Number of protein chains: 2
Amino acid sequence: MSNITLRDIAKALNISVSTVSRALNDSHEIGEETKKFVLAYATKHNYIPNRMARSLKVGKTRSIGVVICAMDNSFVAQMLDSIDQICTQSGYQIIIMQSKESYEQEKACINLLYANGVDGIMISPSFQTTDFSHLKELQLQGFPIVLFDRITAELDVHKVTVNNIKGAFEATTHLISSGHTRIAHLSSISTLGMTHERFEGYKQALAKHQVPYEEELVRFCNTADPQKIDENVAKAMKELLEQKPQAIFTATDLLSTKVLAYLNEHSYKIPEDISLIGFSNSDLAPILNPPLSTVRQPSRQIGEIAATTIINLVKGKDIGPAETIFLDTELQIRKSSSR
Amino acid sequence: MSNITLRDIAKALNISVSTVSRALNDSHEIGEETKKFVLAYATKHNYIPNRMARSLKVGKTRSIGVVICAMDNSFVAQMLDSIDQICTQSGYQIIIMQSKESYEQEKACINLLYANGVDGIMISPSFQTTDFSHLKELQLQGFPIVLFDRITAELDVHKVTVNNIKGAFEATTHLISSGHTRIAHLSSISTLGMTHERFEGYKQALAKHQVPYEEELVRFCNTADPQKIDENVAKAMKELLEQKPQAIFTATDLLSTKVLAYLNEHSYKIPEDISLIGFSNSDLAPILNPPLSTVRQPSRQIGEIAATTIINLVKGKDIGPAETIFLDTELQIRKSSSR
DNA sequence: TTGTAAGCGTTATCAC
DNA sequence: GTGATAACGCTTACAA
């Protein structure tokens with residue numbers, strides 16, 4: 001596994017570099033014998049083409065940048081896994097970057113990816129991001145961008161996400177049908193559509209079933225700073241619990257498990273004292289204490305569709321004008337919201 | 001954010017390309033005014049150096065390849081997160097590749113990373129890997145390699161892992177002190193040291209406390225094929241349960257939660273009917289049903305030390321001969337193993 | 001202090 | 001069918 005180059009092969013075989021290059025790229029203008037000859041030597045000496053040289057020359061790297069908030073989150077990890085699978089299959093490589101919910105870091109990621117010459121970027125913006133000009137500039141240049149999971153109307157690009165309104169509506173409706181009327185909603189602070197939509201679905205369900213909406217039963221807490229999440233969640237929960245809710249609907253993976261932990265710690269019996277349902281993609285939901293009712297997002301499908309889309313884009317395929325794909329969530333009722 | 005190059009800047013400023021290059025690299029042989037002049041123009045026009053060109057020239061990419069089995073696993077994700085943090089801090093980029101517990105895919109990953117010109121590779125080998133020649137070749141060339149989490153004696157490189165024997169010994173001892181004598185052990189099939197060591201720790205604890213070792217209480221099941229894991233675990237559990245164990249000690253994250261799920265499904269009361277403790281790094285362990293006693297690995301520390309080591313290596317620092325760092329695991333006793 | 005030119009390993013455009 | 005040669009964008013002797 002040494003640094004053997006096209007030139008080395010050419011020299012050894014007494015042919016020209018271009019012939020070697022063409023032979024290895026299976027060009028039609030090369031004789032069959034020569035091809036075999038070259039290929040044999042190349043494989044024998046474990047020739048590995050230098051991607052950087054190739055990229056520099058052709059202006060394409062066969063790599064896709066993927067920007068997410070953090071990878072140590074089961075939902076994100078699932079999406080990443082499927083994205084990686086699709087890209088690897090298609091001969092593309094992914095470069096994963098974490099924004100850590102920071103706008104500044106997100107911009108840095110984009111720049112780095114751009115410097116790396118990625119052929120396209122898939123991004124799930126940070127909760128802090130309100131200004132999308134860093135992406136807009138790229139988009140206007142015709143640079144392939146796909147938004148997945150977290151989307152924004154600010155960008156006219158292909159997007160893949162879930163039907164948040166519907167998911168939240170179903171979860172809330174389920175709580176109402178279980179006989180609850182005092183239903184709290186806990187979400188993350190962000191300007192992303194996701195947050196609004198889940199809140200909207202919650203309100204729509206209340207309205208539809210003539211359950212009065214009460215502002216005191218809703219809290220948005222800051223989940224961007226990992227150091228302070230527990231503190232912020234605790235504060236929000238304390239305030240919510242003072243309102244004596246019968247049930248809680250949490251809007252993100254993180255919040256759902258944090259709230260479950262909080263309630264357990266404070267000796268609330270779920271679902272006897274209080275019911276709980278939340279967005280979550282943890283595979284452990286069925287074995288939580290109690291088994292957690294969840295709104296599950298089709299993480300792998302989101303990743304697959306988004307990855308397929310970006311690959312089509314970087315390949316220059318005409319896949320029509322930018323459109324948003326909404327996938328359905330799945331309501332998984334378990335003990336935490338059953339009586 | 002357009003593709004402006006050194007040449008563009010040089011032309012616009014009527015100076016040579018090399019001057020621009022040196023100015024932007026803050027070379028000492030460039031006048032202060034020129035530097036400012038160039039830098040101003042560069043930032044104004046949003047110059048982003050082409051990493052590929054630079055890499056091709058200098059033969060270094062400032063990137064590190066990271067090979068792991070799968071990233072949708074909380075323990076792995078935690079390590080990746082800390083690795084990413086350290087590398088980003090040091091101006092290195094990581095390229096993550098998944099072996100999916102396949103030896104073939106692992107080799108493909110290494111080749112791809114090598115083609116990408118990564119400056120070094122951090123790897124946690126797949127359970128299937130028994131032949132390490134693909135890595136040995138690199139190592140003999142002096143290519144920087146660091147093994148983390150899963151290690152092997154086959155390679156003379158820096159390694160970072162945990163003290164598996166001790167961790168398993170403590171877990172088993174804990175079960176024994178709780179009054180159990182029929183303690184089952186469930187692990188993954190692999191030739192990696194980890195598997196042997198945890199088994200060894202289990203046996204040492206039994207021996208130390210004069211608990212007879214029984215082969216029927218030990219199973220190694222194939223966890224490499226994600227499609228068949230549930231099936232394989234179920235089969236192993238069925239066999240183990242026939243032996244009426246009082247407690248089970250599971251050797252990996254995956255097995256620990258799978259076994260918990262299996263026992264719940266089959267209506268075993270934990271810890272009344274059977275106690276459970278297992279290696280696991282899930283943040284959800286405290287809120288599982290019941291809260292799961294775990295042997296927790298210092299995932300972030302493993303990642304940090306391994307990343308720091310590889311960076312020192314690629315920077316050419318002399319950090320002495322290859323050595324293995326063993327970190328201690330942490331025993332977290334929760335309800336699943338308490339009476 | 002700045003400029004010239006060669007070269008990293010490929011691919012593409014010419015010729016032959 | 002095959003071979004020279006230029007070029008991708010950058011760094012770096014070597015000159016000036």
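In this text the structure is predicted, and so the values were computed from the model without any measurement. Naming: A, B, ... by sequence-line order, numbering from 1 per chain.
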**Item:** Polar contact flag, side-chain donor to acceptor under 3.5 angstrom, B:Ser27-B:Asn25
**Value:** no
Quick note, salt bridge (charged side-chain N to carboxylate O under 4.0 Å, His left out) partners involving residues 19-33 of chain B, not counting sequence neighbours, are B:Arg22-B:Glu29, B:Asp26-B:Lys35, B:Glu32-B:Lys35
Worksheet item: Are any side-chain N or O atoms of B:Asp84 and backbone N or O atoms of B:Leu80, one a donor and one an acceptor, separated by less than 3.5 Å?
Response: no
Are A:Lys100 and B:Asp81 ion-paired here, with the side-chain N under 4.0 Å from a carboxylate O? yes
With a 4.0 Å cut-off (strictly under) to non-hydrogen atoms of chain B, the first and last hit nts on DNA chain C, 5' to 3', are C:dT1 to C:dG9
Its contact letters, B for base, S for sugar-phosphate only and - for none at protein heavy atoms under 4.0 Å, make nucleotides 8-16 of chain D read BBBBBB---
Between A:Tyr103 and A:His134 (judged by ring centroids, cut-off 6.0 Å), do the two rings come close enough to count as a pair? yes
pair B:Phe37-B:Thr19: side-chain heavy atoms closer than 4.5 Å | no
Check: When we call it a touch if two heavy atoms are under 4.0 Å apart, what does B:Thr34 touch: a base, just sugar-phosphate, or nothing?
Finding: sugar-phosphate
So side chain to side chain donor-acceptor pair (under 3.5 Å) across residues 58-77 of chain B, not counting sequence neighbours, yields A:Arg300-B:Asp72, B:Thr61-B:Ser63, B:Thr61-B:Asp119
As a check of understanding: the bend across the helix from C:dT1-D:dA16 to C:dC16-D:dG1, end axes from five pairs, rounded to 10 degrees, works out to 40°
- Message: Are the side chains of A:Ile64 and A:Val314 in contact, using a 4.5 Å heavy-atom criterion?
- Response: yes
For this session: Answer yes when B:Arg150 and B:Glu101 have at least one side-chain N-carboxylate O distance shorter than 4.0 Å, and no when they do not.
Result: yes
Separation of D:dT2 atom P from A:Leu13 atom CG, nearest Å, is 12 Å
Sorted by chain and number, sequence neighbours left out, side-chain hydrogen bond (donor to acceptor under 3.5 Å, both in side chains) with A:Ser126 holds for A:Thr129
